[in-house]
Amino acid sequence: MNVEQQLELLTARHVDLISADELKKKLQIAKKEKRGLRIKYGADPSAPDIHLGHVVGLNKLREFQAAGHTVVFIIGDFTGMIGDPSGKSATRPALSKEQVLENAESYKKQIFKILDPEKTEVRFNSEWLGEMKFEDVIRLSAHVTVAQILARDDFSKRYADNKPISLVEFLYPLIQAYDSVVVEADVELGGTDQLFNLLLGRELQKACGQEPQVVMTLPLIEGLDGVQKMSKSLGNYIGITESAKEIFGKLMSVSDELMWKYFMHILCRNPEEIEAMRNKVSSGELHPRAVKDELGRCAVDRFVGAGEGQKASEEFARIFSKNELPDDLPEIQLPAEELGLIELVVRTGFASSNGEARRLIQQGGVRIDDEQISDIKATVTPKDSMILKVGKRKFARLKV
RNA sequence: GGUGGGGUACCGAAGCGGUCAAACGGGGCAGACUGUAAAUCUGCUGGCUAUGCCUUCGAAGGUUCGAAUCCUUCCCCCACCA
């Protein structure tokens, strides 16, 4: 791949790029010296479920690998053990060493669904941060001013609002920047929320006598609610290790507007193709549901396995469009004695208290053999193959 | 060290002696509508052996017939000024 081709591939879909010229120069030098660039990507070890939000970045990393470059995937285990301040104002709990290691293992397994292991270097930042003395930390801090850190958007806002900012949070960007120095990153990738931290990496590299890294940010995609960015803590995510059924179902519940973004950043479809589909949808030539079905099938094929998408799509249509039963109903064993409906719903685990079961029944959410029962005093005698349905998606086949 | 503001259910936030299991908003759940879209509308959202009872408003005591609300002590958080 020549440099121009690489540039085209590598800069697709980005938000910020600092700077295109520098990237070009680095690519030219790398080509001349027949080596790959080092592309840094940092991951927080507290949330070991890789979800579609991460896939946006991983896809880009994969493209760098395709162009012959090396990905340096840094697991922030050191910072994870201290407690990672998330952007908002809440401070995440510190993880134990065991948890961090466990999470890291799970990370590795997942990222190689997308990345090429041959061209990936997985590093833990405790490797170098754990060695540092307090003196080293102080020296490092000398390179950065409070005003610089305070310039970060969320810090300045919180400061202006008299909201707390812990010193750890202040140090955090510095730690991340230092990682860039240690791994000698040529390029660092991150979400748009990382821009500040990535830029600080440049500053620190310069201060340490290195060529500053090129910084590229990618969009943060909204999660299932369509408003907030996809994140584990908000519970609005689709994990890449989830079942075909879950991935498909969750994608189908995404809004029509958001689905285009997913096509672009998750499936990496090119903009012309997406535009063409969009036009067909607005002219009525194509049903949005068909487009979303394609999104679901392709995503499942990619994350679960080829051919699984079609199955998931059919299963979905059967359950929700035709209102039939899923093919893998959990079976629940019960004695063949008459019992109250409320008790049945609680016993099967579909409600966590009698009160909740009562509510579900009164609201018409409970069906037995497809017959809605809204009398809370109703009793049932379980029989083999009796089907209990609670809400839209909880099913069970009773067994006596 | 000083001053001021706080700690209420999953979250945010009202309430400041009885009518408080605690307004309102968000979230969640269920129903209607649908493409399980989204949006919208409706209802529910502490527990129980259930017209009552029990636990809950940072903690422990106290005042009172009665406390989330008043008093005392304690714990914790935040901002500002030094």
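Numbered from 1 within each chain, the chains take letters A, B, ... in sequence-line order.
- Distance check on atom C1': rG6(B) versus rA50(B) gives 38 Å, rounded to whole Å.
- The number of heavy atoms from other shown groups lying within 6.0 Å of NZ (K119(A)) is above 12.
- Evaluation of atom-type donor-acceptor distances gives a pair under 3.5 Å for the side chain of D256(A) against the base of rG35(B).
- Here rG4(B) sits opposite rC78(B) as a Watson-Crick or G-U wobble pair (both hydrogen-bonding atom distances under 3.5 Å).
- Following rounding to the nearest Å, I238(A) (CD1) and rU36(B) (P) show an atom-to-atom distance of 16 Å.
- Side-chain N/O atoms of Q363(A) and base N/O atoms of rG31(B) include no donor-acceptor pair closer than 3.5 Å.
- Here, rC16(B) and rC10(B) have their P atoms 23 Å apart, quoted to the whole Å.
- F196(A) and F155(A) have their aromatic ring centers separated by at least 6.0 angstrom.
- When Watson-Crick and G-U wobble pairs are counted only if both distances are under 3.5 Å, rU72(B) pairs with rA60(B).
- As rounded to the nearest Å, rU73(B) and rA79(B) have P atoms that lie 26 Å from one another.
- Checking rA13(B) for Watson-Crick or G-U wobble geometry (two distances, each under 3.5 Å) identifies no partner in any strand.
- The residue among G364(A) and G249(A) whose nearest nucleotide of RNA chain B is located toward the 5' end is G364(A).
- Between K24(A) and E22(A), none of the side-chain N atoms (NZ, or NE/NH1/NH2) sits under 4.0 Å from a carboxylate O, so this pair counts as no salt bridge.
- rG18(B) and rA68(B) are spaced 13 Å apart, taking the C1' atom of each and rounding to whole Å.
- Nucleotide rU45(B): paired with rG27(B) (Watson-Crick or G-U wobble, both distances less than 3.5 Å).
- Considering only side-chain N and O atoms, S353(A) lies nowhere under 4.0 angstrom from the phosphate OP1 or OP2 of rG46(B).
- In a base pair of the Watson-Crick type (N1 to N3 plus N6-O4 or O6-N4) or a G-U wobble (N1-O2 and O6-N3), with each distance short of 3.5 Å, rU40(B) is matched with rA32(B).
- Of all nucleotides listed (rG47(B), rG35(B), rA38(B)), rA38(B) comes nearest to the side chain of S255(A).
- Note: NZ (K245(A)) to C1' (rU36(B)) measures 13 Å, nearest angstrom.
- No side-chain donor from either of E184(A) and Q205(A) sits under 3.5 Å from a side-chain acceptor of the other.
- When heavy atoms are screened at a 4.0 angstrom cut-off, G226(A) is found touching no nucleic acid atom at all.
- Salt-bridge formation is not detected for the pair E273(A)/R278(A): no Lys NZ or Arg NE/NH1/NH2 atom is positioned less than 4.0 Å from an Asp or Glu carboxylate oxygen.
- Nucleotides rA14(B) and rU8(B) place their P atoms 11 Å apart, quoted to the nearest Å.
- The same atom, C1', is picked in rA30(B) and in rC77(B); the two are 38 Å apart, to the nearest Å.
- For the atom pair F303(A) CZ and E246(A) CD, the distance stands at 15.0 Å (nearest 0.5 Å).
- Across all strands shown, rA67(B) remains unpaired; no Watson-Crick or G-U wobble contact has both distances below 3.5 Å.
- Between E324(A) atom CD and rU36(B) atom C1' there is a gap of 15 Å when expressed in whole angstrom units.
- The distance between atom CZ of R359(A) and atom P of rA30(B), rounded to the nearest whole Å, is 12 Å.
- Salt bridge present: K311(A) and E308(A) bring a charged side-chain N and a carboxylate O closer than 4.0 Å.
- Comparing rA21(B) with rG47(B), their C1' atoms are spaced 10 Å from each other, to the whole Å.
- If you take CG of L251(A) and P of rA38(B), they are 13 Å apart, rounded to a whole angstrom.
- rA13(B) and rG26(B) have their C1' atoms separated by 10 Å, given to the nearest Å.
- Distance D225(A) CG to rG26(B) P: 14 Å, rounded to the nearest Å.
- Between F320(A) atom CZ and rC33(B) atom P there is a gap of 16 Å when expressed in whole angstrom units.
- Between F248(A) atom CZ and rG35(B) atom C1' the separation is 11 Å, expressed in whole Å.
- Between N354(A) and the phosphate of rA50(B), there is no side-chain N or O to OP1/OP2 separation shorter than 4.0 Å.
- Between K322(A) and E356(A), the residue anchored nearer the 5' end of RNA chain B, judged by the nucleotide with its closest heavy atom, is K322(A).
- In the set rG35(B), rU36(B), rG47(B), the nucleotide with an atom closest to the side chain of K292(A) is rG35(B).
- The nucleotide whose nearest atom lies closest to any side-chain atom of P288(A) is, among rA38(B), rG35(B), rU36(B), rG35(B).
- Side-chain proximity of R358(A) to the nucleotides rA38(B), rA50(B), rU36(B) is greatest for rA50(B).
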